[in-house]
Amino acid sequence: MRGGGLHFHFHLWLVFLFALTAASFGLGVENQSVRCIAAERRALLDFKKGLTVVENRLVSWTSEEEECCNWIGVGCDNSTGHVVKLDLDAMFTTGEIGSSLLELKHLSYLDLSSNHFHKIPDFIGSLSELTYLDLSGNSFTGFIPHQLGNLSRLLCLDFSRNSLSSFIPISFDNMPALQRINFEGNNLEGGIPKSLGNICNLKELNLNDNKLSGSLGVVVKNLSGCAKDSLEALNLARNRLTGALPDLSILSSLRKLSLSGNQLEGPLPVSIGKMSQLVLLDVSSNSLHGDISEAHLFNLTKLQKLLISFNSFSFNPSSDWIPPFQLDYIDMRSCSLGPQFPSWLRWQTTLSYLDISHSNINDASPDWFLNILPSSLNYLNLSSNKISGSIPNLPLKFGGFPLIDLSSNLFHGLIPLFFSNSMVLDLSNNMFSGPLSFLCTTTMNIGLNYLDLSNNLLSGEIPDCWNKYMILTAINLENNDLSGIIPNSLGSLQTLESLRLRNTSLYGEIPQSLENCTALKLLDLGDNKLTGIIPPWIGERLDGLNVLRLRSNEFHGNIPSTLCRQQLLQVLDLSLNNISGDIPSCLNNLTAMAHLGSSMALIPLAGITYTVDFIGAIGINFHEHLLVVWKGFEREYGNTLGLLKSIDLSCNKLSGKIPRELASLQGLINLNLSRNMLRGSIIREIGQLKSLDSLDLSTNNLSGEIPESMSGLSFLSMLDFSNNNLFGKIPSSTQLQSFNATSYSGNPGLCGEPLRKCPGGEPPKVPNNGGNEGDEGLFEPLWFFIGMIIGFLIGFWGIFGSLVINRSWRHKYFQLVSKLTDWIKLTMALMMVKLQRKLRLKE
Ligand SMILES: *[C@@H]1O[C@H](CO)[C@@H](O)[C@H](O)[C@H]1NC(C)=O
Ligand SMILES: *[C@@H]1O[C@H](CO)[C@@H](O)[C@H](O)[C@H]1NC(C)=O
Ligand SMILES: *[C@@H]1O[C@H](CO)[C@@H](O)[C@H](O)[C@H]1NC(C)=O
Ligand SMILES: *[C@@H]1O[C@H](CO)[C@@H](O)[C@H](O)[C@H]1NC(C)=O
Ligand SMILES: *[C@@H]1O[C@H](CO)[C@@H](O)[C@H](O)[C@H]1NC(C)=O
Ligand SMILES: *[C@@H]1O[C@H](CO)[C@@H](O)[C@H](O)[C@H]1NC(C)=O
Ligand SMILES: *[C@@H]1O[C@H](CO)[C@@H](O)[C@H](O)[C@H]1NC(C)=O
Ligand SMILES: *[C@@H]1O[C@H](CO)[C@@H](O)[C@H](O)[C@H]1NC(C)=O
Ligand SMILES: *[C@@H]1O[C@H](CO)[C@@H](O)[C@H](O)[C@H]1NC(C)=O
Ligand SMILES: *[C@@H]1O[C@H](CO)[C@@H](O)[C@H](O)[C@H]1NC(C)=O
Ligand SMILES: *[C@@H]1O[C@H](CO)[C@@H](O)[C@H](O)[C@H]1NC(C)=O
Ligand SMILES: *[C@@H]1O[C@H](CO)[C@@H](O)[C@H](O)[C@H]1NC(C)=O
């Protein structure tokens, strides 16, 4: 009892104290620096209760810390102490946005962006003091609540990057102060309500990356209330807007306009030339067409960014045209700009981004061209034209590391030194010549990420200075006139994911230093004169390989069993070498091939992404491509390479049997073991390779029958069993009979469709007897003898003859068997067989 009383008193005392301090804080008397209002602090603590905060980012939000104005993310008015600002951006927070927020009667700034909230609370419309509301980058679904329309003081509204759906609410009539609306990156549908166009202060409207539909003409009409004079930025990119481009010049203040990635059609209206405030115009990726003339651009004196790619525009101003603008960003990919090199570019001296790839230019690169490139250049793409000329070795120094893509042109001459200071350097498919020494002039290179010099006339050795490159991801030198050895310093490239040195006349062994390139996904050293063994460390150290292509070299020795550790390997091509020994039976450990399907069609390499204001994220993605011999043809696989699962060991000196374990590689699409010295029979379980599309076992010493399970390979479209010692009846299936007879030729013992008829008719079905191919069973079932003697009786001496010679052929010869009812024939047969056996045993 006493204790209880004491406790009670103590409690009272506490309450008293609390009231006193709260009052003094409110008045700001006792502790000037505590401004937090108790009721608001409680509201914040209540609000916190609804949240799940990962990593406890709100650790300062506790009842022990009285000054809630100092809590992380909380801002108070300096004179009144009211909480006016709540900024919980990227707090890794989820949970419920509790209505205790309503207690913060003076809250004017609410930022809950980049968290994981799911539901926009209905009461949000009652936070009537809000001027700034940012709920972007959460997981909000459902409607945009119409109650928002009550936030009459709101200046800035950001719901971008959520999963909001349905229509944009019509209720913007009570939001006269609004200046910025950002709904980008949701699933909004329908049109853009007229009420938005009636917001007289509206400066910025971002509705890009939604599913908005309707005609652009009506959209512009809807926006032509009083917003037409205030709107400075309008982003409608990547929606489903249709129709022709209307006269956009009624949006008289517009500075930035993006309409890219819609379904707009028709020409670019000349009226666009009246939009004298335009700084950025992006109409790329539509179905627009027609000529763009000087008149279109006449008054665009402030234009800096012009994006018209992926339409069917042609733009051929007269050669003495001096543009009224200085552009820093030009994206005219796939426009028709040629055949002359666009001479107006010489006046554009502040370029940071220039893409005139694929634009029908068939001309020499003019002398002035490289001189206009400023050191601030980020991106230069002239690819897929017919631009010729050489590139002088300018004293050009880029500020950053630009992306330079001159691929698929007619450039010739030496590669200039300054190119080594790029991030991406793609000069493939040109006629560049001379040595690769430009690569060694740099000191430490922290920029070069992707290097493609393939298909040129480069000569000399591959230089040994790769240790200067810190972040190289991909090297492609294939199809050049190089020679020499693979340099050791390549081993210092720990970020290297792709190394392609195919067809570069390399000799010598694979240097052991490559074992340190543990990030490799693709290694293609094919079509060279490399010697030595296939080093076992490839399997041990390079365990991320998707593709290993050593085709057409002079490798000898065995296939190292360590290759079986390559759990991600999808393409293994060791064909056309001098490799001997057995096929390792551990190949069933190649997990990627053992699984059906593939997670992705592409084999991606580390890409580059950067974001340009208003234009969005620009992703430069690299993915692998590869020459693969499949179905008898060498083809380039790029977009579907990730789907291919292939083993090609053809044209070697492999001996022994086909390991039964191979049958567990159920994802395998292509298997080529032809032109080796394999013996034994085709594994009975081959029917388990359900994905197999192409199977070539030709020109080996394989014997025995074609397994019945083959008839289950329903995807098989290419088959070659020719030039072996197979015998018996080709199993019946729609697939196996559809192949050309040449698929089976050179096997004198084979019969049945599509070859000649087998003797007799259908054999009786016989249950499997455990399958011990190659071993000679001691007991042959009755049908076996029946079949044999039928052949004998009808006069197939050829077959019977080889039967005697080749002991293993006797085994399971049931395909030649037919139902026999004639007991006399059977008896005769048995006698004849036994006779034959005795004769043979005597030999
Ligand atoms: C006033 O409050 C601050 C912050 O809560 C605290 O650090 C300080 O000690 C207090 N001063 C007095 C005199 O109570
Ligand atoms: C309140 O005062 C602090 C420090 O004196 C200052 O940094 C802050 O901007 C002021 N806040 C407001 C809303 O006036
Ligand atoms: C919005 O305002 C209207 C009247 O102006 C009122 O009826 C309604 O209750 C308000 N809604 C909210 C959520 O405050
Ligand atoms: C135009 O505004 C009306 C009225 O707000 C709306 O119903 C319609 O969907 C809008 N159309 C387009 C194409 O934006
Ligand atoms: C360019 O602007 C001037 C002045 O604003 C105007 O008179 C002229 O008509 C405009 N020309 C074109 C082609 O839009
Ligand atoms: C350059 O343009 C071509 C064709 O337009 C494109 O395929 C290539 O990816 C571009 N290069 C870079 C580095 O972006
Ligand atoms: C190999 O490279 C040479 C150029 O060095 C080229 O002419 C030839 O066509 C290439 N061969 C193959 C098979 O790609
Ligand atoms: C691989 O890297 C390790 C550690 O950096 C180094 O000790 C080793 O010598 C390298 N191996 C070769 C063959 O260069
Ligand atoms: C199978 O792969 C695993 C993982 O890479 C490896 O540890 C194991 O040694 C492999 N087995 C064989 C028989 O190669
Ligand atoms: C291939 O290997 C065998 C030994 O396995 C050797 O005798 C022969 O010379 C090699 N052939 C070539 C072309 O390297
Ligand atoms: C198998 O490999 C050989 C030799 O490399 C080639 O000629 C043949 O076309 C390949 N077979 C198939 C089906 O691709
Ligand atoms: C079978 O293939 C050979 C060689 O490819 C060809 O000449 C012949 O016409 C083909 N026969 C049939 C029936 O398709």
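Atoms within a ligand are numbered from 1 in the order they appear, just like the ligands themselves.
Here's the thing with S215: none of its N/O atoms is less than 3.5 angstrom from an N/O atom of ligand 4. Among the atoms of I192, some N or O lies under 3.5 angstrom from an N or O of ligand 4.
Against a heavy-atom cut-off of under 4.0 Å, V218 is close to the following atoms of ligand 4: 11 (N), 12 (C), 13 (C). Of all atoms in ligand 9, listed by their number and element, those nearer than 4.0 Å to a heavy atom of Q567 are 1 (C), 2 (O), 3 (C), 4 (C), 5 (O). Less than 4.0 angstrom separates some heavy atom of N222 from each of these atoms of ligand 4: 1 (C), 2 (O), 3 (C), 8 (C), 10 (C), 11 (N), 12 (C), 14 (O). Of all atoms in ligand 9, numbered sequentially from 1 with element shown, those under 4.0 Å from a heavy atom of C586 are 13 (C). Listed by atom number, the atoms of ligand 9 under 4.0 Å from N589 heavy atoms are 1 (C), 2 (O), 3 (C), 8 (C), 10 (C), 11 (N), 12 (C), 14 (O). Per-residue contacts place V219 under 4.0 angstrom from the following atoms of ligand 4 (heavy atoms of the residue considered): 13 (C), 14 (O).
Remark: the backbone N or O of S575 is not paired with any side-chain donor or acceptor of D648 at under 3.5 angstrom.
Residue S454 comes nearest to N480 through the heavy atom pair CA-ND2, 3.9 Å, listed as atom of the first residue, atom of the second, then distance. Taking each heavy atom of K645 and A592 in turn, the nearest pair found is NZ-O, 2.8 Å.
Near ligand 7, N479, N480, D481, R502, N503 each place a heavy atom less than 4.0 angstrom from the ligand.
For the side chain to side chain contact (heavy atoms under 4.5 Å, CB included) with S655, the lone residue among D582, I583, N676 that qualifies is D582. The side-chain hydrogen bond (donor to acceptor under 3.5 Å, both in side chains) test with N503 singles out one residue from N479, D481, D524, and that residue is N479.
Considering CD1 of I647 and CG of L662, their distance stands at 5.5 Å, rounded to 0.5 Å.
Note: F411 and F432 have parallel aromatic rings, judged against thresholds of 30 and 60 degrees for the angle between ring planes.
R551 and D573 are joined by a salt bridge, as a carboxylate oxygen and a charged side-chain nitrogen come within less than 4.0 angstrom of each other. Using a 4.0 Å cut-off between a side-chain N of Lys or Arg and a carboxylate O of Asp or Glu, K203 and E232 do not qualify as a salt bridge.
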